[in-house]
Amino acid sequence: MPSELERAMESLIKVFHCYSKDDKTLCHKEFKKLMETELSGFLKSQKDPSTVDRIMKDLDTNGDGKVDFEGFVSLVVGLSNACEQCYQMHRKKTAKK
Ligand SMILES: [Ca+2]
């Protein structure tokens with residue numbers, strides 16, 4: 001039986017390939033679809049309508065207009081980092097009560 005972390009890693013790979021299709025990179029359209037479907041909560045919390053474009057530009061380090069798996073993972077890591085900080089803040093708040 002795979003561990004929880006192993007399953008999480010597998011999920012990342014599956015989600016990426018589900019949207020990247022055959023060429024193993026996310027073009028702008030594919031990346032937008034992934035964000036809107038898999039990260040809709042995060043996207044709604046962003047007031048800026050150019051959020052998807054901005055993030056895509058950040059992740060596209062070689063400037064080919066595509067996001068590879070490494071870019072996708074760094075997005076997930078970045079968001080997880082932010083979530084973890086919220087989680088800690090929330091825990092501190094509830095611990096004080
Ligand atoms: Ca693709």
Side-chain angles (χ1 to χ4, degrees):
M1 261 264 295
S3 71
E4 197 169 337
L5 184 59
E6 284 167 344
R7 279 203 302 273
M9 284 154 61
E10 197 189 343
S11 298
L12 283 182
I13 296 165
K14 275 187 183 162
V15 167
F16 179 80
H17 283 277
C18 173
Y19 290 89
S20 68
K21 308 277 167 61
D22 300 327
D23 59 358
K24 299 185 182 69
T25 52
L26 298 163
C27 65
H28 186 270
K29 200 177 132 199
E30 289 164 344
F31 183 69
K32 194 165 190 268
K33 180 102 191 291
L34 186 153
M35 291 290 290
E36 284 170 352
T37 313
E38 307 293 334
L39 293 166
S40 60
F42 163 74
L43 219 52
K44 270 179 205 145
S45 73
Q46 302 293 306
K47 300 278 180 278
D48 188 353
S50 69
T51 298
V52 172
D53 296 349
R54 208 160 32 81
I55 293 173
M56 174 128 191
K57 219 177 150 205
D58 282 348
L59 298 179
D60 180 17
T61 43
N62 63 0
D64 66 353
K66 287 169 179 173
V67 176
D68 56 14
F69 185 68
E70 209 178 311
F72 169 67
V73 169
S74 67
L75 168 69
V76 174
V77 168
L79 288 174
S80 304
N81 226 337
C83 288
E84 202 267 343
Q85 281 166 15
C86 289
Y87 177 73
Q88 293 231 33
M89 263 160 46
H90 182 74
R91 273 187 56 156
K92 271 182 202 157
K93 263 188 213 164
T94 46
K96 272 178 194 165
K97 275 177 195 167

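What's counted below: heavy atoms across the whole structure, side chains too, no hydrogens, waters or symmetry copies. On a predicted model such as this, the values are computed, not experimentally measured, just so you know.
- Applying the side-chain contact (heavy atoms from CB on, under 4.5 Å) rule to Ser45 yields the partners Phe42; only residues at least two apart in sequence or on another chain are considered.
- Within the 3.5 Å criterion, the main-chain N or O of Lys57 finds no donor-acceptor partner in the side chain of Asp53.
- Between Glu4 and Arg7 there is a side-chain heavy-atom pair separated by less than 4.5 Å.
- In this structure the side chain of Gln46 never reaches within 4.5 angstrom of the side chain of Met35, judged on heavy atoms.
- Within the model, atoms SG of Cys86 and CG of Asn81 stand 10.5 Å from one another, a figure rounded to the nearest 0.5 Å.
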Is there a side chain to side chain contact (heavy atoms under 4.5 Å, CB included) between Glu38 and Lys33 once you walk through the steps?
CA-CA 8 Å; Glu38 307 293 334; Lys33 180 102 191 291; over 6 Å; no

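- Within the 4.5 Å cutoff, the side chain of Val76 has heavy atoms near those of the Phe72 side chain.
- Taking OG of Ser20 as the start and CD1 of Ile13 as the end, the distance is 11.5 Å to the nearest 0.5 Å.
- By the neighbour-count criterion of 12 heavy atoms within 6.0 Å, atom CD of Glu84 is densely surrounded, having more than that number from other residues, nucleotides or ligands.
- In this structure, NE2 on His90 lies 15.5 Å from CD on Gln85, to the nearest 0.5 angstrom.
- No donor-acceptor pair under 3.5 Å is formed between the side chain of Thr37 and the backbone N or O of Leu34.
- Across all their heavy atoms, Ser3 and Glu6 have their closest contact at N-OE1, 2.9 Å.
- Minimum interatomic distance between Thr25 and Phe16 (heavy atoms only, all atoms of both residues): CA-CZ, 4.2 Å.
- By the rule that hydrophobic residues join a cluster once side-chain heavy atoms approach within less than 4.5 Å of another member, Tyr19 and Met9 end up as members of separate clusters.
- Counting all heavy atoms, side chain and backbone alike, Lys66 lies closest to Asp60 at O-OD1, 3.3 Å.
- Closest non-hydrogen pair, Val67 versus Phe31, comes out as CG2-CD1, 4.2 Å.
- One finds the NZ atom of Lys32 at 8.5 Å from the CG atom of Leu43 (value rounded to the nearest 0.5 Å).
- Not counting sequence neighbours, the partners of Lys21 by the side-chain contact (heavy atoms from CB on, under 4.5 Å) test are Glu30.
- One hydrophobic cluster, built from ILVMFWY side chains closer than 4.5 Å, cannot hold both Tyr87 and Leu79; they sit in different ones.
- Atom CG of Leu26 sits about 9.5 Å away from atom NE2 of His17, to the nearest 0.5 Å.
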